[in-house]
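Each remark here refers to the structure printed beneath this line.
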Amino acid sequence: MTAREHGSQHEVVAGLLRAGSLLASTDPLSERMSRLCCELVVMLDCDRSNIMLWNGSQYVSAYSWGNPPDLEALFRDLTATGDEPLVHQVCHTGSYGYVNDAAADPGTNILAYTARLRSIVCAAMSNPDGSPLGFITASFAERPGRFTDEDGEVVLGIARLAQSALITERWEGSQRRLHEVAVSASSNERDRIGREIHDDPLQRVFTLYMRLQSVCQASTDTATRDALAPLVEDCRDLAASLRNVTTVQAPIFEDDSEFAV
């Protein structure tokens with residue numbers, strides 16, 4: 001019995017629509033990918049679905065649906081080099097492939113034994129530059145079943161949806177990191193300028209203010225005091241303005257609480 005005989009055409013169409021909607025949602029990527037695997041299992045009426053992603057030199061397990069507990073633990077540590085015949089075929093062609101008697105096929109017999117698979121279909125995911133992104137599989141394990149080219153096309157369609165979501169998430173993540181770096185750099189620069197203003201220009205203006213105020217208070221000449229008073233206030237205002245653009249918020253004038261922390 002084929003997977004197509006298990007799942008109706010209507011269920012496939014409905015599943016593709018649901019898959020498109022969930023990948024467009026704002027749910028966490030891990031939740032969307034796991035649900036996508038679930039949708040693929042429903043569409044093909046098979047047992048399991050897994051997603052492996054390329055990580056520098058090998059494919060590593062990422063998301064899954066339908067694995068029994070003991071195999072889910074195994075899946076978390078699963079890796080693939082890309083030399084496996086089925087994986088190499090689909091990733092080299094950017095398409096899909098399937099094996100309907102995994103235990104008898106030299107390219108899948110070890111996987112069939114370790115993961116207890118009967119039949120498997122696999123489709124590739126690629127980056128925009130054509131480099132490998134990963135692959136998605138669907139399989140029969142607990143029940144007998146066979147895959148067809150039509151099933152392969154369905155898996156390939158789901159792979160394209162997953163590919164789009166993964167690339168978008170990666171791009172948005174890189175944009176967020178760039179923004180964080182830019183914000184951090186801007187903040188650090190503001191802090192540096194603020195410290196420089198506090199340590200030199202602000203201290204000089206404050207020193208000038210104190211000297212002018214001291215001369216003004218010590219002078220017995222009314223005309224001199226009247227001439228110095230505006231300069232004292234100007235220095236006070238300038239010191240306050242400089243302090244407002246620094247990151248060091250220590251008080252300037254001990255006699256005025258508006259400058260206190």
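A quick note: this is a predicted structure, and the numbers were derived from the prediction, not measured. The figures that follow rest on heavy atoms only: side chains count, while hydrogens, waters and symmetry mates do not.
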Check your understanding: Would you say Tyr96 and Leu161 are hydrophobically clustered, going by side-chain heavy atoms of ILVMFWY under 4.5 Å?
Key -> yes
Practice item. Considering only NZ, NE, NH1 and NH2 on the basic side and carboxylate oxygens on the acidic side, decide whether Glu31 and Arg35 come within less than 4.0 Å. Key: yes
Point to revise | Side chains of Ile158 and Met43 in contact at under 4.5 Å (non-hydrogen atoms) | key: yes
**Study point:** Joint cluster assignment, Val41 & Leu44, ILVMFWY side-chain distance < 4.5 Å
**Key:** no
Point to revise | Expected output: side-chain Arg48 to main-chain Asn67 donor-acceptor under 3.5 Å | key: no
Practice item. Group every Ile, Leu, Val, Met, Phe, Trp and Tyr by side-chain heavy-atom contacts under 4.5 Å, then state whether Met52 and Leu86 land in the same group. Key: no
**Study point:** Cluster link Ile51 to Tyr59, ILVMFWY, side chain under 4.5 Å
**Key:** no
Practice item. Only counting residues at least two apart or in another chain, list the ones meeting side chain to side chain contact (heavy atoms under 4.5 Å, CB included) with Asn55. Key: Val60
Check your understanding: Checking side chain to side chain contact (heavy atoms under 4.5 Å, CB included) for the pair Glu72/Ser64: CA distance, chi angles, key distance, verdict?
Key -> CA-CA 8 Å; Glu72 184 61 27; Ser64 65; 2.9 Å; yes
Exercise for review: Taking the side chain as every heavy atom from C-beta outward, state whether Leu40 and Cys37 have any pair of such atoms under 4.5 Å apart.
Suggested key: no
Check your understanding: Under 4.5 Å between any side-chain heavy atoms of Leu166 and Met33, yes or no?
Key -> yes
Exercise for review: Would you indicate whether the side-chain heavy atoms of Val99 and Leu117 approach each other to under 4.5 Å?
Suggested key: no
Review point. Does the side chain to side chain contact (heavy atoms under 4.5 Å, CB included) test come out yes or no for Asp101 and Arg146, once each step is laid out?
Key: CA-CA 8 Å; Asp101 191 352; Arg146 300 178 63 81; 5.5 Å; no
Practice item. Measure the shortest side-chain to side-chain distance between Ile120 and Tyr98 over non-hydrogen atoms and say whether it is less than 4.5 angstrom. Key: no
Check your understanding: Just wondering, do Thr108 and Asp105 contact through their side chains at under 4.5 Å, heavy atoms?
Key -> yes
Check your understanding: Does Arg143 offer a backbone N or O that forms a donor-acceptor pair with the side chain of Asp47 under 3.5 Å?
Key -> yes
Check your understanding: Is the backbone of Pro132 close enough, under 3.5 Å, to the side chain of Asn127 for a donor and an acceptor to pair up by distance?
Key -> yes
Check your understanding: From Arg32 CZ over to Asp27 CG, what is the distance, rounded to the nearest 0.5 angstrom?
Key -> 7.0 Å
Study note, to complete from the structure: On a heavy-atom basis, the closest approach of Gly97 and Val90 is N-CG1, 3.2 Å
Review point. Does any non-hydrogen side-chain atom of Asn50 lie less than 4.5 Å from one of Ser61?
Key: no
Revision key, fill the gap. Heavy-atom closest pair (Ala124 atom, Ala159 atom, distance to 0.1 Å) is O-CB, 3.7 Å
Check your understanding: Which word best sums up how the rings of Phe140 and Phe147 line up, parallel for under 30°, tilted for 30 to 60°, or perpendicular for over 60°?
Key -> tilted
Revision key, fill the gap. CG of Leu71 to CG of Leu78, rounded to nearest 0.5 Å, is 10.5 Å
Review point. Is it true that a side-chain atom of Thr148 and a backbone atom of Asp151 form a donor plus acceptor pair closer than 3.5 Å?
Key: yes
Practice item. Ignoring hydrogens and angles, tell me if any N or O in the side chain of Thr81 forms a donor-acceptor pair with the backbone of Gln58 under 3.5 Å. Key: no
**Study point:** Side-chain donor-acceptor pair present, Ser126, Gln163, cut-off under 3.5 Å
**Key:** no
**Study point:** Electrostatic pair Glu142-Arg116, nearest N-O below 4.0 angstrom
**Key:** no
Practice item. Indicate yes or no for a side-chain donor-acceptor contact from Ser49 to the backbone of Thr137 under 3.5 Å, with no hydrogens or angles considered. Key: yes
**Study point:** Stepwise side chain to side chain contact (heavy atoms under 4.5 Å, CB included) test for Tyr63 and Leu53
**Key:** CA-CA 9 Å; Tyr63 314 104; Leu53 297 179; 4.1 Å; yes
Point to revise | Polar side-chain atom of Ser119 near backbone of Asn100 as donor-acceptor pair, under 3.5 Å | key: yes
Review point. For Trp65, does the CH2 atom have more than 12 heavy-atom neighbours from other residues, nucleotides or ligands under 6.0 Å away?
Key: no
Check your understanding: Quick one: does Ser164's side chain have a donor or acceptor within less than 3.5 Å of a partner on Arg160's backbone?
Key -> no
**Study point:** Val121 with Val154, same ILVMFWY side-chain cluster at under 4.5 Å
**Key:** yes
